[in-house]
Each structure stands twice: as C-alpha cells, then as structure tokens.
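Remember, it's a predicted structure, so these values are computed and weren't measured experimentally. Below, chains carry the letters A, B, ... as their sequence lines are ordered, and counting in each starts from 1.
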2 protein chains.
Amino acid sequence: MSISQPPEENLGVLVRQVRDGMFHLFEHKLAQSGLELNLSQYLVLKRLAYHGVQTATELARAIDHDAGAMTRLLDKLEEKGYLRRQPHQEDRRALQISLTEAGQALWATMQACGEASMAVAVSDLNDAEQDQLVSLLKRVRNTLESK
Amino acid sequence: MSISQPPEENLGVLVRQVRDGMFHLFEHKLAQSGLELNLSQYLVLKRLAYHGVQTATELARAIDHDAGAMTRLLDKLEEKGYLRRQPHQEDRRALQISLTEAGQALWATMQACGEASMAVAVSDLNDAEQDQLVSLLKRVRNTLESK
DNA sequence: AAATGATGATTGCTTTGACAACTATATCGG
DNA sequence: CCGATATAGTTGTCAAAGCAATCATCATTT
C-alpha cells in the first residue's frame with residue numbers, strides 16, 4: 001500500500017519538508033525586504049487585512065496558536081505600531097484588534113512576499129495540478145480535523 | 001490563477017494545517033501508548049532503525065535539524081537508554097550512534113503509532129489518490145530545495 | 001438574584017530548536 | 001610537511017510556542 005513503502009518518502013515526511021521549505025523561503029523573502037517579522041505575525045496581519053476587526057481568540061484560532069502565544073505576538077505587533085487593541089464594545093473581557101495605517105501599508109509589502117513565495121513553490125505545477133494538490137490536501141485536512 | 005484565490009484555503013495554509021494535524025495526531029498516539037517522546041526523537045529512532053549506525057551530522061541532516069539541537073536530542077535518548085554514542089572508527093571528530101536493545105524494542109511500538117496515524121490521515125483517499133498526492137508533494141519539495 | 005460554570009486575556013514556567021562561538025580533528029594547497 | 005580551511009560535535013544564549021494558573025467577565029441554571 002501507499003502508506004509506508006519508501007524509507008523517507010512517505011506523506012508525513014513530505015508534508016513536513018514542503019511546509020518547512022515554504023516557511024524558510026518565505027521568511028527569507030521577508031528578511032530580504034527588510035521586514036523583521038515572522039510567519040505567525042504575517043498570518044495575523046493577513047487575517048486582520050481580510051477580516052477586519054478581530055478578537056485575540058479569533059486570531060489565535062485562525063492561525064492555530066495558543067492564547068498565551070497570541071498575547072505576546074500582539075504585544076510585539078502593537079509595540080511596532082502595526083495594530084491596536086481596543087476594548088470590545090459588547091464583551092468587556094475581549095479585545096477589538098485592528099490594523100493601523102502602518103499595519104495596512106505593511107500588509108501590502110508582506111502580501112507580495114507571500115505571493116512570490118507561493119509562486120516559486122508551485123512553479124513546477126500547471127494549474128490543474130495545483131488545483132488537484134489543493135483538493136487532496138483539503139480532504140486530508142478535513143479527515144484529520146474530524147479526528 | 002490557483003495561487004491566491006480563497007482567503008484561507010491556499011496551498012501554504014493547507015500544508016501547514018495538514019502538517020500540524022498529522023503532528024498532533026501522532027504525538028497524541030505516542031502519549032496514549034505511554035511514550036514520553038516527541039516527533040523529532042521518533043524520526044531519529046526511525047532513521048537509526050532503517051539505516052543502522054549514523055553520525056550525529058547524518059541524523060541532523062536527515063531530520064532537518066540544527067547540530068546543536070541534535071546534540072541535546074541525543075543526550076535525552078542516550079540518557080533514557082535508547083541509543084549509544086561510540087567513537088567513530090575512521091574519524092575521531094565524529095560519533096557512531098546506534099540503537100540499543102531497548103531502542104530497537106521501542107522502535108517497534110513507535111512504528112505502530114506512526115503507521116496508525118498515517119492510516120488515519122489518508123483514510124479518505126484511495127491508493128491512486130495517495131500516490132498522486134505524494135507525487136505532487138515531491139515535485140513541490142524538489143522545486144523548493146533547488147531554491 | 002445568586003451560584004455555578006464557561007470564556008477572554010494575561011502571566012509564569014518549561015521545552016524546543018535556531019544561531020553563534022568554540023574545540024578538536026580532518027583535508028587540501030603549496 | 002605546514003598552514004589554511006572545512007567539518008564534527010558541544011555549549012551558551014535567545015526567541016517562539018505550549019501548558020497551567022489566574023482574574024475578570026459573561027452565560028446558564030435554579
């Protein structure tokens with residue numbers, strides 16, 4: 001069966017390698033652009049750019065992070081002036097986190113890095129193959145998240 | 001184009017989710033079996049089980065780890081009695097690392113965890129689809145590692 | 001309305017892994 | 001053979017992320 005034949009070419013190893021490869025490529029591109037940010041911070045900005053105001057919990061879930069890690073990640077981005085924390089209107093426990101002007105400007109640059117990295121990663125696949133890959137990965141992800 | 005249409009369904013996010021999903025499932029299965037080991041340690045044992053004696057550098061490269069991280073990882077596994085470090089015969093800088101009896105016994109148990117996790121992950125794909133997925137991922141990986 | 005339990009955010013603690021500096025040994029150019 | 005350089009492994013330091021505990025607030029139940 002397809003699961004465990006070759007010593008180090010199985011699905012688990014491959015997914016890991018691809019993930020790490022994309023990760024390194026992306027962080028390299030960020031550094032090249034003079035941006036001192038990491039992937040997690042990028043994902044938070046992306047989420048805010050696409051979904052507008054969010055709570056810390058929403059952000060944590062979106063990027064699959066611990067709440068404590070999110071607090072500290074937000075500290076850094078707020079400190080650098082890319083986002084602001086405001087009290088939530090209806091829930092006094094929660095925050096309303098949004099991008100500042102600087103954050104929105106930053107997002108444009110980072111988005112370019114993200115798209116460039118992705119383009120490199122899939123440069124050997126045609127459109128149909130890309131769709132196929134995405135479709136297969138979605139099914140695996142859905143299987144996994146349904147435990 | 002297929003790269004960046006849906007907000008959070010692109011290849012990068014998916015690879016990340018699948019990798020994390022498989023990772024958590026596997027570590028959960030290890031814990032269930034009463035094994036206090038993590039994925040990296042598993043990968044080292046796997047490498048030793050399949051390739052016999054290895055140097056620390058070979059192991060580090062095999063699991064894509066820093067040399068310093070490898071030293072400490074080996075410390076833990078040696079301390080628990082799963083492997084031994086012996087001086088290399090031809091190169092006095094290097095080590096010959098091999099599994100102990102306990103390490104080989106442990107490997108059998110861990111292998112079962114690994115295969116069970118993998119089986120869950122791909123349970124929604126038929127054999128042809130699994131091969132397709134592996135093939136596409138290999139191409140992406142090869143593209144990435146050729147920079 | 002009070003009590004109980006759930007949720008949002010923060011903080012302290014720990015583990016993991018990267019990076020850099022260092023030592024010892026090996027290899028290569030002259 | 002000798003000096004320069006590269007490689008193997010170890011160690012110190014750091015940042016990122018997970019977990020547990022805490023506090024405040026919300027929701028539910030009676």
Check your understanding: Under 4.0 Å between a side-chain N/O of A:Asn38 and OP1 or OP2 of D:dA15, yes or no?
Key -> no

Between [X] and [Y], is there a donor-acceptor pair closer than 3.5 Å when you use the side chain of the first and the backbone of the second?
X        : Y        : answer
B:Gln41  : B:Asn38  : yes
B:Glu129 : B:Asn126 : yes
B:Ser135 : B:Asp131 : no

Might you point out which heavy atoms bring [X] and [Y] nearest each other, and give the distance in Å?
X       : Y        : result
B:Asp20 : A:Asp64  : OD2-OD2, 4.5 Å
B:Val53 : B:Glu58  : O-OE1, 4.5 Å
B:Leu35 : B:Met110 : CD1-CG, 3.8 Å
B:Gly81 : B:Ala102 : O-CB, 3.7 Å

I need the [atom1]-[atom2] distance between [X] and [N], as an integer number of Å.
X       : N      : atom1 : atom2 : value
A:Leu43 : D:dA16 : CG    : P     : 14 Å
B:Gln86 : D:dG9  : CD    : P     : 14 Å
A:Gln96 : D:dT25 : CD    : C1'   : 16 Å

Practice item. Under the salt bridge (charged side-chain N to carboxylate O under 4.0 Å, His left out) rule, collect the residues that match up with A:Glu27, sequence neighbours excluded. Key: none

Study note, to complete from the structure: Residues of residues 63-74 of chain A with a heavy atom under 4.0 Å from any atom of DNA chain C, listed by number, are A:Ala67, A:Gly68, A:Thr71, A:Arg72

Practice item. Output the residues of residues 15-32 of chain A in contact with DNA chain C, where contact means a heavy atom of the residue under 4.0 Å from an atom of the strand; sort by number or write none. Key: none

Listed pairs, N/O of protein and of nucleotides 3-8 of chain D, under 3.5 Å:
| from | atom 1 | to | atom 2 | distance (Å) |
| --- | --- | --- | --- | --- |
| D:dT7 | O2 | B:Arg93 | NH1 | 2.6 |

Check your understanding: Are B:Lys29 and B:Glu115 within salt-bridge range, i.e. N to O under 4.0 Å?
Key -> no

Check your understanding: Going 5' to 3' on DNA chain C, which nucleotide is the first and which the last to come under 4.0 Å of a heavy atom in chain A?
Key ->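 Result: C:dA6 to C:dC13.
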
Practice item. Give a yes or no on whether A:Glu36 atom CD has more than 12 heavy-atom contacts from other residues, nucleotides or ligands under 6.0 Å away. Key: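 No, CD of A:Glu36 has 12 or fewer neighbouring heavy atoms, counting only those of other groups under 6.0 Å.
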
**Study point:** Set of residues satisfying side-chain contact (heavy atoms from CB on, under 4.5 Å) with respect to B:Arg84, sequence neighbours excluded
**Key:** B:Gln86, B:Ser98, B:Thr100

**Study point:** Row check, A:Tyr50 ring normal vs A:Arg47 NZ/CZ: under 6.0 Å, within 45°
**Key:** no

Check your understanding: Parallel, tilted or perpendicular: which describes the rings of A:Trp107 and A:Tyr42, with under 30° parallel and over 60° perpendicular?
Key ->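 The rings of A:Trp107 and A:Tyr42 sit tilted, inter-plane angle from 30° to 60°.
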
